Peer 1: 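Right, I'll just put the structure down here and ask away after.
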Amino acid sequence: EAGRIGGGVPATPLPCVEVAVRDKWNLIGGPACFVGVGSVIVTGGTVSSSYFGYGISGYYTAPYLLPDEAYWVKMNGAGTLEICCDSSPSIVPKQASSSVIPEKAGSFTIRDAKGRSQTLYLSYENSSVAGRIDSDLYEMPPFPPDGAFDVRFASGRMLEVIEEGTVATAGQNFPVSLRGVASPLTLEWDLTGMTGGRLVLAGDGGAGIPETILEGSGSAVIKAPETGLLTIGVTGRAGLPAEYALNRNFPNPFNPTTSFTIDLPVPEEVRVDVVDILGRQVATLLDEWKPAGTQTLNWDASDRFGIQVPTGVYIVRMSAGEFSATMKILLMK
């Protein structure tokens with residue numbers, strides 16, 4: 001009977017397994033239970049990639065190792081992985097890739113005529129909670145056998161990072177490698193939160209792929225290119241700021257309202273505060289994600305409780321990514 005050993009004793013899952021791994025890529029499995037990848041104990045080397053599973057949407061980054069599934073992981077040096085059962089949930093999503101993809105990343109899903117698909121991601125340099133994104137963590141496992149479906153950026157990654165400032169200057173191109181795909185292809189995109197640059201699916205001179213502007217969310221059906229490559233380009237919009245700036249307020253001196261602008265070359269989490277000359281917090285004018293462009297802010301000389309502040313010199317303080325700036329303003333009643 002399945003699940004019983006020898007004389008009818010019910011089988012129990014092994015609490016831990018120890019897997020020997022070599023330098024570079026390894027295909028591994030765990031015990032008959034859920035295992036959070038953060039609980040895997042690494043000895044003799046370091047993990048240099050995400051853990052990758054393979055499902056109906058191609059490769060995905062896995063926050064859990066599931067029973068009876070195999071996963072790819074890349075090592076920097078040979079060693080061992082001690083994989084032990086979690087006491088956490090009995091139900092875990094089959095594919096929960098969003099938990100390890102930056103929150104503000106844009107997604108591109110390429111689906112072929114046989115229904116096979118792969119999702120790739122683009123993210124701005126400073127859009128992760130921790131700051132800069134290590135794109136090497138998103139290097140995908142080795143190519144499957146010839147003829148098998150495979151879609152990835154030409155760099156071998158499933159996520160690419162848009163360099164800060166490129167949307168306002170020369171732009172940046174991201175070739176996408178296609179293997180074993182059946183034409184036609186459906187490209188679906190969701191770029192919510194990635195405003196501030198223009199993303200373009202490059203055309204191929206009339207051979208079946210028209211140049212397509214990618215904004216917001218949408219889809220397009222295209223012919224599979226004979227070259228096996230698509231190109232996603234990031235270009236600037238006219239008038240997009242080339243650099244961060246906190247611009248002078250007007251009027252100054254003022255009573256009771258003044259206005260000023262801030263410039264963002266890329267979408268960014270921005271905070272703008274007003275403090276007094278002793279550095280004490282007076283008001284917060286902005287603390288949220290903003291698209292690239294020029295934003296106008298106003299201050300009506302009230303503090304965070306809505307109470308009017310007295311005549312004096314105040315300081316406006318702006319921070320966005322690694323940029324910070326201050327300016328003095330004068331309230332005169």
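For the single chain, residues carry numbers from 1 onward in sequence order. None of the values given here were measured: they were computed from a predicted structure. What's counted below: heavy atoms across the whole structure, side chains too, no hydrogens, waters or symmetry copies.
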Peer 1: Would you compute the distance between atom NZ of K24 and atom OG of S49 and round it to the nearest 0.5 angstrom?
Peer 2: 11.0 Å
Peer 1: Hydrophobic clusters here meaning ILVMFWY residues chained together by side-chain heavy-atom distances under 4.5 Å, can you tell me if L286 and F260 are in one?
Peer 2: yes
Peer 1: Is there a donor in the side chain of S324 and an acceptor in the side chain of S319, or the other way round, less than 3.5 Å apart?
Peer 2: no
Peer 1: If you measure from CG on L264 to CD on E269, what distance do you get to the nearest 0.5 Å?
Peer 2: 11.0 Å
Peer 1: Quick check: closest heavy atoms across E139 and W25, and the distance to 0.1 Å?
Peer 2: O-CH2, 3.4 Å
Peer 1: Should F52 and K74 count as side-chain neighbours, where that means a heavy-atom distance under 4.5 Å?
Peer 2: no
Peer 1: Evaluate whether atom NZ of K333 has more than 12 neighbouring non-hydrogen atoms of other residues, nucleotides or ligands under 6.0 angstrom away.
Peer 2: yes
Peer 1: Which heavy atom of I110 sits nearest a heavy atom of F149, and at what distance?
Peer 2: O-CZ, 4.0 Å
Peer 1: Roughly how far apart are T46 OG1 and N76 CG, rounded to 0.5 Å?
Peer 2: 4.0 Å
Peer 1: Please say whether more than 12 non-hydrogen atoms of neighbouring residues, nucleotides or ligands are located less than 6.0 Å from CZ in R248.
Peer 2: yes
Peer 1: Give a yes or no on whether L330 and L246 share a hydrophobic cluster (residues Ile, Leu, Val, Met, Phe, Trp, Tyr; joining criterion: side-chain heavy atoms under 4.5 Å apart).
Peer 2: no
Peer 1: Is the shortest side-chain heavy-atom distance between W189 and L122 below 4.5 Å?
Peer 2: no
Peer 1: Carefully, step by step, assess D150 and Q118 under the rule side chain to side chain contact (heavy atoms under 4.5 Å, CB included).
Peer 2: CA-CA 8 Å; D150 186 84; Q118 176 67 59; 5.9 Å; no
Peer 1: Linking I/L/V/M/F/W/Y whenever their side-chain heavy atoms sit closer than 4.5 Å, directly or via other members, would I83 and V37 fall into one cluster?
Peer 2: yes
Peer 1: Could you check Y59 against W72 for side chain to side chain contact (heavy atoms under 4.5 Å, CB included), going step by step and ending with a plain yes or no?
Peer 2: CA-CA 10 Å; Y59 281 115; W72 284 101; 3.7 Å; yes
Peer 1: Taking the side chain as everything from C-beta on, heavy atoms only, tell me whether F108 gets closer than 4.5 Å to L191.
Peer 2: yes
Peer 1: Does the distance from a Lys or Arg side-chain N to an Asp or Glu carboxylate O, for E288 and K290, drop under 4.0 Å?
Peer 2: yes
Peer 1: Do you know the tightest heavy-atom contact between Y71 and L66?
Peer 2: OH-N, 2.9 Å
Peer 1: Using 0.5 Å steps for rounding, measure from the CZ atom of R271 to the CG atom of D287.
Peer 2: 4.5 Å
Peer 1: If every non-hydrogen atom of A113 is compared with every non-hydrogen atom of S183, which pair is closest and at what distance?
Peer 2: CB-O, 3.4 Å
Peer 1: If hydrophobic clusters are built by linking Ile, Leu, Val, Met, Phe, Trp and Tyr wherever their side-chain heavy atoms come under 4.5 Å apart, do V274 and I315 end up in the same one?
Peer 2: no
Peer 1: Between N247 and T261, do the side chains contain an N or O donor and an N or O acceptor separated by less than 3.5 Å?
Peer 2: yes
Peer 1: According to a hydrophobic-cluster definition based on side-chain heavy atoms being under 4.5 Å apart (Ile, Leu, Val, Met, Phe, Trp, Tyr only), do I28 and Y64 belong together?
Peer 2: yes
Peer 1: Answer whether the closest heavy-atom distance between the side chains of L65 and F34 falls below 4.5 Å.
Peer 2: no
Peer 1: Is there a side-chain contact between N255 and M332, using heavy atoms and a 4.5 Å cut-off?
Peer 2: no
Peer 1: Could you give the distance from OH (Y60) to CE (M158), rounded to the nearest 0.5 Å?
Peer 2: 10.5 Å
Peer 1: Might you confirm whether atom CG of N298 has over 12 heavy atoms from other residues, nucleotides or ligands at distances under 6.0 Å?
Peer 2: yes
Peer 1: Does the side chain of T257 pick up a donor-acceptor pair with the side chain of D300 at under 3.5 Å?
Peer 2: no
Peer 1: Between P67 and C33, what is the shortest heavy-atom contact and its length?
Peer 2: CD-O, 3.3 Å
Peer 1: In a single word, yes or no, tell whether C85 and C16 have an SG-SG distance below 2.5 angstrom.
Peer 2: no
Peer 1: If we ignore hydrogens and angles and just use 3.5 Å, is the side chain of R116 paired with the main-chain N or O of G180 as donor and acceptor?
Peer 2: yes
Peer 1: Whether the side chain of S123 engages the backbone of V161 through a donor-acceptor N/O pair (distance < 3.5 Å, no angle test) should be reported.
Peer 2: no
Peer 1: Assess R157 against F174: is NZ or CZ under 6.0 Å from the centre of the six-membered ring, and within 45 degrees of the ring's axis?
Peer 2: no
Peer 1: Between V42 and G45, which heavy-atom pair has the shortest distance, and what is it?
Peer 2: CG1-O, 3.2 Å
Peer 1: Indicate yes or no for a side-chain donor-acceptor contact from R152 to the backbone of P141 under 3.5 Å, with no hydrogens or angles considered.
Peer 2: yes
Peer 1: Applying the side-chain contact (heavy atoms from CB on, under 4.5 Å) test to V176, which of T231, V151, L187, L229 qualifies?
Peer 2: V151
Peer 1: For the pair I222 and L230, evaluate side chain to side chain contact (heavy atoms under 4.5 Å, CB included) and give the outcome as yes or no after the intermediate values.
Peer 2: CA-CA 10 Å; I222 59 175; L230 292 176; 3.9 Å; yes
Peer 1: Evaluate side chain to side chain contact (heavy atoms under 4.5 Å, CB included) for F254 paired with W299, printing each intermediate quantity in order.
Peer 2: CA-CA 10 Å; F254 66 97; W299 186 43; 3.7 Å; yes
Peer 1: Is the shortest side-chain heavy-atom distance between C84 and V35 below 4.5 Å?
Peer 2: no
Peer 1: Answer whether the closest heavy-atom distance between the side chains of S302 and V309 falls below 4.5 Å.
Peer 2: no
Peer 1: Flag the pair T61 / L159 as yes when at least one side-chain heavy-atom distance between them is below 4.5 Å, and no otherwise.
Peer 2: no
Peer 1: Roughly how far, to the nearest 0.5 Å, is CG of L285 from CD of Q295?
Peer 2: 13.0 Å
